[in-house]
Amino acid sequence: MMTTSRRDFAKVALFSLLYFACALVALYVTGGEDGIAAIWPASGVFIAGLLLVHREHRGPLIAGVAAASLAANLWGGISWLVAAGYTIANIIEGLIALLAMGPRRGTSFVTPRTLLRFLWAVAVATAASTAMAAALSLNLSLTFLSSWATTVMLGMATVTPTIMFLAQDKRGRDKLASLPAVAVLAMVAGLSVAAFGQTEYPLLFLPMAGLAFATFSIGLSGTALGIVVVTAVGSLLTAMGEGPVSLSFDTITRQVLYFQAYLLCLIASTLPLAVLLTRLEDEAERNLELAETDALTGLATRRKILTLLDQAMTRAMAHRQPLSIAMIDLDHFKRINDRFGHEKGDEILRTVTDMMRDQLGAHGTLGRLGGEEFIVIFEGINAAERLDVCDLLRQAAADHAWPSDGPEQVTLSIGLADFSPEHKFPGEMLRDADNALYRAKDGGRNRCEVGPGSSVRVASA
């Protein structure tokens, strides 16, 4: 496996190359007056790199980005002196944005508070970068200042969140890898071409409709990547003199400013909704996880474990494989609660749960049916072949040295049952295991018994 240090150096190289590629493409495709690109996504790449690379490796990242910025500007035909000034301004803006994010800059971007801090950082960095670029290039014209500010701001606001979402939103990355997500992003690209590739109809609303669909179908990462798609298609076609923006404005400066304003409105109208939906989805998943996890033991709840059993029965039937379950019950647990109190009873349940994890966790799926009753699902093996590990659990509980303020001994009764084609519902398997459990109880407790259909029936103390 790649070490942490090697991963960080790989990130440094990746962000430096990505910065160079974005800067070069922006200068080539959307070159504006004074050598300033209409959109400068490289700024967003740099800030994302500063946030994602470990502090010890920010120095190499700054050096790599500085070299990439200088090379791209020189390649774009800008003089050495001006290119150096632009590079210094680009580096400073990234560092200022990092500082403006505050001490919690590593917090997930999938939160409104973090996004607000980021927007504040973008505003501060844009102002500082514009002032620095003007001073270093000795260009104080309003056209230059407004073009630089909007270019840098849009680059940061578009690209940094996209990279951060892709890095932090695993669920979003998984969705993006699916064919439906690719189809949705292709649709966004098609709608963008329809909006910016012709002048006969005013269709600038189409990309917004596509982004709304991407938000609901893919999520936050899909929205951010969709914004990048709209930005790339729109800027390319506008630079080629196509679309309503080129038709409506006679100078490249006005076209650039209008297109940037359009993109900022697009971001402001879709990104907050995507963040909100992601937050709601996360909360729903957490609530579902809480509902499916027993608070005392951390095992699957009755509802969850029975759902898993139903799925296991379906697989066993489809693949004609064995399936068995074990029902585990603490003997005389009501007496323990009455004598030692429910707090001590809960402590005993947690201890027995740990024993079950140790003895059975590697062999099956554990769940709590309720009270002092538990269940284990064994896939691919029959009950008789799991009698030995269940008896080891029974013996471990019986031999456990309990604290002096509790019972001297806690024993378990265990009933096992096999799946058969006659079992249509989980409750039918539970019934057979429950019958075996009651036979264990009637036989004196502290014993295991297997239900009908097995040659091995009983294990006891």
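We use all heavy atoms of the structure for the numbers below, so side chains are in, but hydrogens, waters and symmetry mates are not. A quick note: this is a predicted structure, and the numbers were derived from the prediction, not measured.
- In summary, the aromatic rings of H363 and F378 are positioned with their centroids too far apart to meet the 6.0 Å limit.
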Q) Could you walk me through whether I227 and T162 pass the side chain to side chain contact (heavy atoms under 4.5 Å, CB included) check? A) CA-CA 9 Å; I227 291 172; T162 301; 5.6 Å; no

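- Between R431 and D434, none of the side-chain N atoms (NZ, or NE/NH1/NH2) sits under 4.0 Å from a carboxylate O, so this pair counts as no salt bridge.
- Looking at every heavy atom in both residues, L191 comes nearest to L206 through CD1-O, 3.6 Å.
- Residue-environment remark: CG (L116) exceeds the threshold of 12 foreign heavy atoms within 6.0 Å.
- Taking every heavy atom of both residues into account, A214 and G222 meet most closely at CB-O, 4.2 Å.
- Between C22 and V45, the shortest heavy-atom contact is SG-CG2, 4.0 Å.
- Side-chain atoms of S324 never come within 3.5 Å of backbone atoms of D418 as a donor-acceptor pair (strictly under, hydrogens ignored).
- In this structure, F374 and L366 have side chains that are not in contact, with every pair of non-hydrogen atoms separated by 4.5 Å or more.
- Judged by distance alone, with hydrogens and angles left aside, the side-chain atoms of Y262 form a donor-acceptor pair with the main-chain N or O of L204 at under 3.5 Å.
- Within a 6.0 Å sphere centred on OH of Y438, heavy atoms belonging to other residues, nucleotides or ligands number 12 at most.
- At most 12 heavy atoms of other shown residues, nucleotides or ligands fall within 6.0 angstrom of atom CZ in R339.
- Between the side chain of T160 and the backbone N or O of A157, no donor-acceptor pair lies under 3.5 Å.
- Counted within 6.0 Å of CZ on F205, heavy atoms from surrounding residues, nucleotides or ligands total more than 12; the atom is thus considered enclosed.
- For R315, the salt bridge (Lys or Arg N to Asp or Glu O under 4.0 Å) partners at least two apart in sequence or on another chain are E379.
- Among residue pairs with one or both ends in residues 177-198, none qualify as side chain to side chain donor-acceptor pair (under 3.5 Å); sequence neighbours excluded.
- Residues passing the ring-ring contact (aromatic ring centres under 6.0 Å, His included) test with F118 are F109, sequence neighbours excluded.
- Counting non-hydrogen atoms of other residues, nucleotides and ligands closer than 6.0 Å to CZ of R303 gives a total of 12 or fewer.
- Nearest approach of L211 to G226, heavy atoms of both residues: CD2-C, 3.4 Å.
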Q. Does the salt bridge (charged side-chain N to carboxylate O under 4.0 Å, His left out) test come out yes or no for R357 and D354, once each step is laid out?
A. CA-CA 5 Å; R357 286 195 178 98; D354 291 338; 3.4 Å; yes

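- Salt bridge K344/E347: present, at least one basic N to carboxylate O contact under 4.0 Å.
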(Q) Determine whether T126 and V122 satisfy the following criterion, side chain to side chain contact (heavy atoms under 4.5 Å, CB included), listing intermediate values before the conclusion. (A) CA-CA 6 Å; T126 297; V122 166; 3.9 Å; yes

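- P207 and F196 get closest at one heavy-atom pair: CG-CE1, 4.2 Å.
- Nearest heavy atom pair, residue A194 against residue L203, reads O-CD1, 3.8 Å.
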Q: In sequence, state the C-alpha distance, the side-chain angles, and the governing distance for M164 and T114, and then conclude on side chain to side chain contact (heavy atoms under 4.5 Å, CB included).
A: CA-CA 11 Å; M164 297 303 295; T114 304; over 6 Å; no

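- A donor-acceptor distance shorter than 3.5 angstrom exists from the side chain of E428 to the backbone of K424, with no hydrogens or angles considered.
- Of the possible donor and acceptor atoms, none in the side chain of R394 sits under 3.5 Å from a partner among the backbone N and O of L412.
- Side chain of R368 to main chain of G371: a donor-acceptor pair is present (N/O by atom type, distance under 3.5 Å, no hydrogens or angles).
- For F333, there are no ring-ring contact (aromatic ring centres under 6.0 Å, His included) partners, not counting sequence neighbours.
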Q: For the pair F46 and I91, evaluate side chain to side chain contact (heavy atoms under 4.5 Å, CB included) and give the outcome as yes or no after the intermediate values.
A: CA-CA 8 Å; F46 182 38; I91 295 299; 4.0 Å; yes

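- For the residue pair S413 and D331, a side-chain donor N or O sits within less than 3.5 Å of a side-chain acceptor on the partner.
- Listed by chain and number, the residues in a side chain to side chain donor-acceptor pair (under 3.5 Å) with T223 are T215 (sequence neighbours excluded).
- Between the side chain of E373 and the backbone N or O of G370 there is no donor-acceptor pair closer than 3.5 Å.
- A search for ring-ring contact (aromatic ring centres under 6.0 Å, His included) contacts involving W402 returns H400, not counting sequence neighbours.
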